[in-house]
Undergrad: 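One structure coming up, written as C-alpha cells, with questions to follow.
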Amino acid sequence: MNTTIRFKLSFMMFLEFFIWGGWFVTLGTFLDKNLTASGPEIGAVFSTQSWGAIIAPFIIGLIADRYFNAERILGILHIIGAILMYQMYNATNISVFYPYVFGYMVLYMPTLALVNSVSFNQMGDPEKEFSSIRIWGTLGWIFAGVLISYFFHWDSQASTANGALKNTFLLSAIASLVLGLFSFVLPKTPPKNQSTEKVKVSEILGLDALKLLKDKNFLIFFISSVLICIPLAFYYQNANLFLSKIGVDNPTGKMTIGQASEVLFLLAIPVFFKKFGFKKTILVGMLAWTVRYLLFAFGNAGELSFMLILGIALHGICYDFFFVSGQIYTNSKAGEKFKSSAQGLITLATYGVGMLIGFIVAGQITETYKTNGLEDWKMIWTIPAVIAAFVALLFILLFKDKNSTSSQQS
C-alpha cells in the first residue's frame with residue numbers, strides 16, 4: 001500500500017467516526033435540554049441506530065455488493081446524510097427531529113461496512129494492516145469530543161442552556177459533506193458479486209449461521225450478547241446527559257477517555273485471550289459493566305469525581321473484552337463456510353435487536369426515576385449494573401469453556 005492510498009484510507013476513517021462522535025455523544029443532552037424530550041422519546045431517537053443496523057445489511061447486500069462501487073455509494077450516502085444532518089440542526093421539536101434522525105441512521109450505518117470494504121480491498125494482509133488504518137477512526141471520534149468541549153465549549157452549562165449543542169449537527173453535516181465528496185477520489189472498489197447471481201436474504205442477515213445455535217455454548221453466548229446490550233444502551237443514551245446534569249466540566253471531552261482506553265485494551269486482548277481463554281476474557285468485559293455503573297451510581301462531580309473518570313476509562317474493557325472477544329469466538333466456531341454469516345448474525349443480534357431493546361428499556365427507566373425534571377441517577381445506574389451482573393452470572397453457570405485457547409484461535 002503506497003503513501004497516497006494510506007493517507008486516503010486514514011482520512012476516510014478519521015472523518016467517518018468524527019461525524020458519528022461529533023453529534024451522537026451529546027445527543028441525549030441535546031434532546032433533554034433543547035427539545036425537552038421525555039425518556040421514552042429519547043430512547044426512540046437512540047433506537048434509530050438499531051433500526052439502521054437492521055436495515056444496513058439489505059443496503060450492502062442487495063445494492064452495494066451487486067451494482068455499485070463501494071466508494072461511490074459511500075459518497076452518495078454521506079452527501080444525502082449531510083442534508084439530513086442539516087435538517088436535524090434546524091429542527092425545533094422532537095416530532096420534526098425524529099424522521100430526519102431515523103433517515104440519517106438508516107443511511108449512516110451501512111457506511112460502517114463500506115469504509116471497511118474500501119480499506120480491505122487495498123490490503124494484501126488485512127490482519128496486519130487494518131488496525132493502523134482503523135485507529136484513525138477512533139482518533140476522529142476523540143478529536144470531535146475535544147473540539148466540542150475544549151475548543152467550542154458547546155457542552156458547558158451556559159452554552160447548553162443557550163442551545164449551543166445544536167451546532168454539533170452542523171459540524172457533523174459539514175464533515176459528512178466533505179467525506180461524501182472525498183469518497184469519489186478514494187480507490188476504486190468494484191462490486192463483489194455479479195448482479196446475475198442470486199442473493200439470499202438469509203445470507204445477508206446471517207441467518208445461515210443459525211445452525212450454530214445448536215451448540216449449547218454458542219447459544220448461551222448468543223443470548224448473553226443480546227442481554228448485555230441492554231446495559232450498554234444506558235451508557236450511550238445517558239452518560240453525557242448524566243455528566244452534564246451533575247455539573248461535570250467538559251463532559252464530552254472527558255468521555256473521549258473511553259475511546260483512548262479502547263485503543264489500549266484492544267492491544268491487550270490477544271495477550272489476555274491467550275493466557276486466560278475466551279470465558280474469562282468475556283466475563284471480565286461483562287463484570288466491567290457492573291463496576292462502571294456502580295461507579296456512576298455512587299460517584300459525583302466533587303470529591304468523588306475520580307469514580308466517574310474511572311467509570312469512563314473502563315469503556316475499553318467493557319467494549320473490547322466483550323465485543324472483540326466475541327467476534328474472535330464467533331469466528332472460531334463458525335468455520336470457513338459461515339464466517340461472514342456468523343459475524344452478520346452477531347451484529348444483527350447486538351447492534352440490532354439487543355440495543356433496540358436496550359434503548360427502549362433505558363428510556364423507560366430514566367423516565368420512571370425522574371421527578372419534577374430531576375433524575376434519580378443512583379437508581380438509573382444501579383439497574384443496568386444489576387442487569388450486567390445477572391448476565392455475567394448466567395454466563396458463568398451455563399457456559400462451559402470446553403475448547404482450549406489455542407483451538408479457539410486456530
Undergrad: Should we count NZ of Lys370 as having more than 12 external heavy atoms under 6.0 Å?
TA: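 Yes, NZ of Lys370 has more than 12 neighbouring heavy atoms, counting only those of other groups under 6.0 Å.
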
Undergrad: What verdict does the side chain to side chain contact (heavy atoms under 4.5 Å, CB included) test give for Cys229 and Phe323, after you've listed the backbone C-alpha separation in whole Å, the side-chain angles of each residue and the deciding distance to 0.1 Å?
TA: CA-CA 10 Å; Cys229 284; Phe323 285 97; 3.9 Å; yes

Undergrad: Would you compute the distance between atom CD of Glu16 and atom CG of Leu74 and round it to the nearest 0.5 angstrom?
TA: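 These two atoms lie 6.5 Å from each other.
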
Undergrad: Is there side-chain contact between Met355 and Leu232, with at least one heavy-atom pair below 4.5 Å?
TA: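 The answer is yes, as the side chains (C-beta and beyond) meet within the 4.5 Å cut-off.
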
Undergrad: Would you say the ring centroid of Phe24 lies under 6.0 angstrom from that of Phe46?
TA: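 Centroid distance Phe24-Phe46: below 6.0 Å, so yes.
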
Undergrad: Go through Phe130 and Met13 one step at a time and tell me if the side chain to side chain contact (heavy atoms under 4.5 Å, CB included) criterion holds.
TA: CA-CA 11 Å; Phe130 183 66; Met13 281 291 182; 3.8 Å; yes

Undergrad: Looking at every non-hydrogen atom in both residues, tell me the closest pair between Thr290 and Ala389 and how far apart they are.
TA: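 Heavy-atom minimum between the residues: OG1-N, 3.1 Å.
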
Undergrad: Which residues satisfy the side chain to side chain contact (heavy atoms under 4.5 Å, CB included) test with Thr168, sequence neighbours excluded?
TA: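 By the side chain to side chain contact (heavy atoms under 4.5 Å, CB included) rule, Thr168 matches Trp23, Thr26, Ile148, Trp154, Leu165.
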
Undergrad: Taking Thr366 for the side chain and Ala362 for the main chain, is one N or O donor matched with an acceptor at less than 3.5 Å?
TA: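 The answer is yes, because a donor-acceptor pair under 3.5 Å joins these two groups.
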
Undergrad: Do the ring centers of Tyr329 and Phe399 come within less than 6.0 Å of each other?
TA: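 Aromatic pair counts; centres sit under 6.0 Å.
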
Undergrad: Please verify the inter-ring angle class for Phe296 with Trp381; under 30° counts as parallel, over 60° as perpendicular, anything in between as tilted.
TA: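 If you compare the ring of Phe296 with that of Trp381, the planes turn out perpendicular.
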
Undergrad: Quick one: are Phe272 and Val284 in side-chain contact, heavy atoms under 4.5 Å?
TA: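 With C-beta onward as the side chain, the pair touches.
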
Undergrad: Please examine the side chains of Ile133 and Phe120, heavy atoms only from C-beta on, and report whether any two atoms are closer than 4.5 Å.
TA: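 In short, these two side chains do not touch, never coming nearer than 4.5 Å.
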
Undergrad: Scan Leu139, Leu171, Leu179 and name whichever one has a side chain to side chain contact (heavy atoms under 4.5 Å, CB included) with Phe18.
TA: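 Output: one option passes, namely Leu171.
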
Undergrad: Could you pull out the closest heavy-atom pair between Ser149 and Pro251, with the gap in Å?
TA: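 Closest approach of Ser149 to Pro251: OG-N, 4.0 Å.
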
Undergrad: Whether the side chain of Ser47 engages the backbone of Ser50 through a donor-acceptor N/O pair (distance < 3.5 Å, no angle test) should be reported.
TA: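 The answer is no, because no donor-acceptor pair under 3.5 Å joins these two groups.
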
Undergrad: Just checking Phe30 against Phe97, ring centres under 6.0 Å apart?
TA: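 Ring centres of Phe97 and Phe30 closer than 6.0 Å.
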
Undergrad: Could you check whether any side-chain heavy atom of His78 comes within less than 4.5 Å of a side-chain heavy atom of Thr111, counting everything from C-beta outward?
TA: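 In short, these two side chains touch, coming nearer than 4.5 Å.
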
Undergrad: Kindly say whether Ala164 contributes a backbone atom to a donor-acceptor pair with the side chain of Asn162 at under 3.5 angstrom?
TA: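 Such a contact is absent between Asn162 side chain and Ala164 backbone.
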
Undergrad: Minimum heavy-atom separation for Gly145 and Thr256, please, with both atom names.
TA: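 Scanning both residues, the minimum pair turns out to be CA-CG2, 3.8 Å.
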
Undergrad: Please check if the side chain of Lys8 supplies one atom and the backbone of Pro187 the other of a donor-acceptor pair under 3.5 Å.
TA: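 Looks like no, no N/O pair under 3.5 Å.
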
Undergrad: Passes side chain to side chain contact (heavy atoms under 4.5 Å, CB included), Asp32 versus Glu375? Steps please.
TA: CA-CA 12 Å; Asp32 179 86; Glu375 293 87 353; 4.0 Å; yes

Undergrad: Indicate whether any N or O donor in one side chain lies under 3.5 Å from an N or O acceptor in the other, for Thr252 and Asn240.
TA: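 Side-chain D/A pair, Thr252 to Asn240: present.
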
Undergrad: For the atom pair CG (Leu9) and CG (Asn116), what is the distance rounded to the nearest 0.5 Å?
TA: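 Nearest 0.5 Å value for the CG-CG distance: 11.0 Å.
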
Undergrad: Is it the case that the side chain of Asn300 and the backbone of Leu304 share a donor-acceptor pair, with hydrogens and angles ignored and the cut-off at 3.5 Å?
TA: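 Side chain of Asn300 to backbone of Leu304: a pair is present.
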
Undergrad: Atom CD1 in Ile365, atom CD1 in Ile360: separation rounded to 0.5 Å?
TA: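 Answer rounded to 0.5 Å: 12.5 Å.
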
Undergrad: Between Thr189 and Ser117, what is the shortest heavy-atom contact and its length?
TA: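 Closest pair (atom of Thr189, atom of Ser117, distance): CG2-O, 3.9 Å.
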
Undergrad: With no hydrogens and no angle check, is any side-chain donor or acceptor of Ser225 less than 3.5 Å from a backbone partner on Phe221?
TA: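 Yes; judged by distance alone, with no hydrogens or angles, the pair exists.
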
Undergrad: Ignoring hydrogens and angles, tell me if any N or O in the side chain of Gln157 forms a donor-acceptor pair with the backbone of Ser244 under 3.5 Å.
TA: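 The answer is yes, because a donor-acceptor pair under 3.5 Å joins these two groups.
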
Undergrad: Distance check, rounded to the nearest 0.5 Å: Thr48 atom OG1 versus Tyr100 atom OH?
TA: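 Interatomic distance, Thr48 OG1 to Tyr100 OH, rounded to 0.5 Å: 15.0 Å.
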
Undergrad: Using modelled atom types and a 3.5 Å cut-off, is there a donor and acceptor pairing between side-chain atoms of Asp215 and backbone atoms of Asn217?
TA: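 Yes.
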
Undergrad: Does Ile42 form a side chain to side chain contact (heavy atoms under 4.5 Å, CB included) with Phe359? I'd like the steps, not just the answer.
TA: CA-CA 8 Å; Ile42 294 174; Phe359 286 129; over 6 Å; no

Undergrad: So, for Ile312 and Leu243, which heavy atoms are closest and what is the spacing to 0.1 Å?
TA: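 Nearest heavy atoms, Ile312 then Leu243: CD1-CD1, 3.9 Å.
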
Undergrad: Taking side chain as C-beta onward, heavy atoms only, is Met12 less than 4.5 Å from Val118?
TA: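 They are in contact (side-chain heavy atoms under 4.5 Å apart), so the answer is yes.
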
Undergrad: Does the gap between the ring centers of Phe322 and Trp289 come in under 6.0 Å?
TA: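 That pair fails the under 6.0 Å test.
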
Undergrad: Is there side-chain contact between Leu15 and Trp136, with at least one heavy-atom pair below 4.5 Å?
TA: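 The answer is no, as the side chains (C-beta and beyond) never meet within the 4.5 Å cut-off.
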
Undergrad: Closer than 3.5 angstrom, by distance alone: can the side chain of Gln49 be matched with the main-chain N or O of Met105 as a donor-acceptor pair?
TA: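 Side chain of Gln49 to backbone of Met105: no pair is present.
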
Undergrad: Does Ile380 offer a backbone N or O that forms a donor-acceptor pair with the side chain of Tyr293 under 3.5 Å?
TA: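 Flag not set: sc Tyr293 to bb Ile380 has no pair under 3.5 Å.
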
Undergrad: Counting neighbours of OH on Tyr369 that are heavy atoms of other residues, nucleotides or ligands and sit closer than 6.0 Å, is the number greater than 12?
TA: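 Check fails, neighbour count at 12 or below.
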
Undergrad: State, to 0.1 Å, how close Ile228 and Met286 come at their nearest heavy-atom pair, and which atoms those are.
TA: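 Closest approach of Ile228 to Met286: CD1-CG, 4.1 Å.
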
Undergrad: Heavy atoms, side chains only, cut-off 4.5 Å: are Phe395 and Val391 in contact?
TA: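 Not touching, per the 4.5 Å side-chain cut-off.
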
Undergrad: So do the side chains of Arg6 and Ser132 get within less than 4.5 Å of each other, counting heavy atoms only?
TA: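 Yes, at least one pair of side-chain atoms sits under 4.5 Å.
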
Undergrad: With a 6.0 Å cut-off (strictly less than), is the heavy-atom count around OH of Tyr236, excluding the residue itself, greater than 12?
TA: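 Result for OH/Tyr236: enclosed.
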
Undergrad: To the closest 0.5 Å, what do you measure between OG (Ser176) and CE (Met85)?
TA: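 Between atom OG of Ser176 and atom CE of Met85 there are 6.5 Å.
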
Undergrad: Let me confirm one number: the CD1-OG distance from Ile76 to Ser183, rounded to the nearest 0.5 Å.
TA: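 Reported value, rounded in 0.5 Å steps: 10.0 Å.
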
